[in-house]
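A short worksheet on the structure shown next.
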Amino acid sequence: GSKQWQPDGLNPIRLVTSNPPARSSVFCDNATWINCTTPVNVTEASVSTGDVGNFNFNIIIPENNTAVEQTYNEYFNLTSEGMVVLNDPGQHWIINVLPQ
């Protein structure tokens with residue numbers, strides 16, 4: 001983008017759930033996430049145009065009391081809080097949870 005990213009202030013850059021937007025994640029860590037649709041703000045104090053921003057967060061694996069592996073598709077995108085979801089293809093992870 002053309003603006004510097006900040007983790008705080010009026011419009012912090014955050015990672016949010018997507019597909020669908022503002023979806024509560026089954027991987028939400030209530031102890032560390034902002035809320036179950038927003039795991040974290042950008043980690044660096046500021047990210048200049050052309051630099052790389054990081055998003056570090058924990059996930060909690062849901063219990064799997066079945067006899068088979070459970071597969072989850074988890075989607076995230078970037079937002080400038082209070083402004084807009086950024087024009088970004090987002091992130092998609094396939095997470096397999098083995099039976100306990």
Side-chain angles (χ1 to χ4, degrees):
S2 62
K3 297 192 180 202
Q4 191 173 54
W5 289 3
Q6 304 290 336
D8 50 24
L10 293 177
N11 307 109
I13 299 297
R14 294 182 168 164
L15 194 64
V16 295
T17 57
S18 63
N19 197 25
R23 166 188 52 77
S24 185
S25 173
V26 298
F27 299 102
C28 178
D29 179 2
N30 288 312
T32 62
W33 286 32
I34 295 168
N35 59 55
C36 286
T37 65
T38 310
V40 69
N41 291 357
V42 66
T43 303
E44 292 77 18
S46 67
V47 180
S48 297
T49 300
D51 285 349
V52 174
N54 294 289
F55 298 85
N56 300 317
F57 61 99
N58 298 322
I59 64 171
I60 300 295
I61 301 298
E63 289 187 24
N64 182 0
N65 296 320
T66 70
V68 297
E69 181 177 311
Q70 298 291 314
T71 300
Y72 297 87
N73 287 287
E74 188 59 280
Y75 297 86
F76 293 100
N77 208 335
L78 300 174
T79 187
S80 176
E81 187 67 22
M83 296 289 290
V84 65
V85 173
L86 301 183
N87 185 16
D88 183 84
Q91 298 295 312
H92 170 231
W93 292 292
I94 299 171
I95 301 172
N96 298 312
V97 179
L98 301 176
Q100 295 178 334

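- In terms of the side chain to side chain contact (heavy atoms under 4.5 Å, CB included) criterion, residue partners of Ile59 (sequence neighbours excluded) are, by chain and number, Phe27, Trp33, Phe57, Ile61, Ile95.
- Judged by distance alone, the side chains of Glu44 and Asn54 do bring a donor and an acceptor atom under 3.5 Å apart.
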Q: For Cys36 and Asn30, run side-chain contact (heavy atoms from CB on, under 4.5 Å): C-alpha distance rounded to whole Å, both residues' side-chain angles, the deciding distance at 0.1 Å, then the answer.
A: CA-CA 7 Å; Cys36 286; Asn30 288 312; 3.4 Å; yes

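- The aromatic ring centroids of Trp93 and Phe76 lie less than 6.0 Å from each other.
- The distance from atom CG of Asp29 to atom CG of Asn58, rounded to the nearest 0.5 Å, is 5.5 Å.
- Partners of Ser80 under the side chain to side chain donor-acceptor pair (under 3.5 Å) rule, at least two apart in sequence or in another chain, do not exist in this structure.
- Within a 6.0 Å radius of CG in Leu98, more than 12 heavy atoms belonging to other residues, nucleotides or ligands are found.
- Donor-acceptor pairing under 3.5 Å is lacking for the side chains of Gln4 and Thr49.
- Distance check: Glu74 CD to Ser25 OG gives 3.5 Å after rounding to the nearest 0.5 Å.
- Remark: Asp8 CG to Ser46 OG distance equals 10.0 Å, nearest 0.5 Å.
- Between Ile34 atom CD1 and Leu15 atom CG the span is 9.5 Å, to the nearest 0.5 Å.
- Taking 4.5 Å as the limit, every side-chain heavy atom of Thr37 sits out of range of all side-chain heavy atoms of Val16.
- Scored by the side chain to side chain donor-acceptor pair (under 3.5 Å) test, Asn73 finds His92 as partners (sequence neighbours excluded).
- The environment of CD in Glu69 is crowded: more than 12 heavy-atom neighbours from other residues, nucleotides or ligands sit within 6.0 Å.
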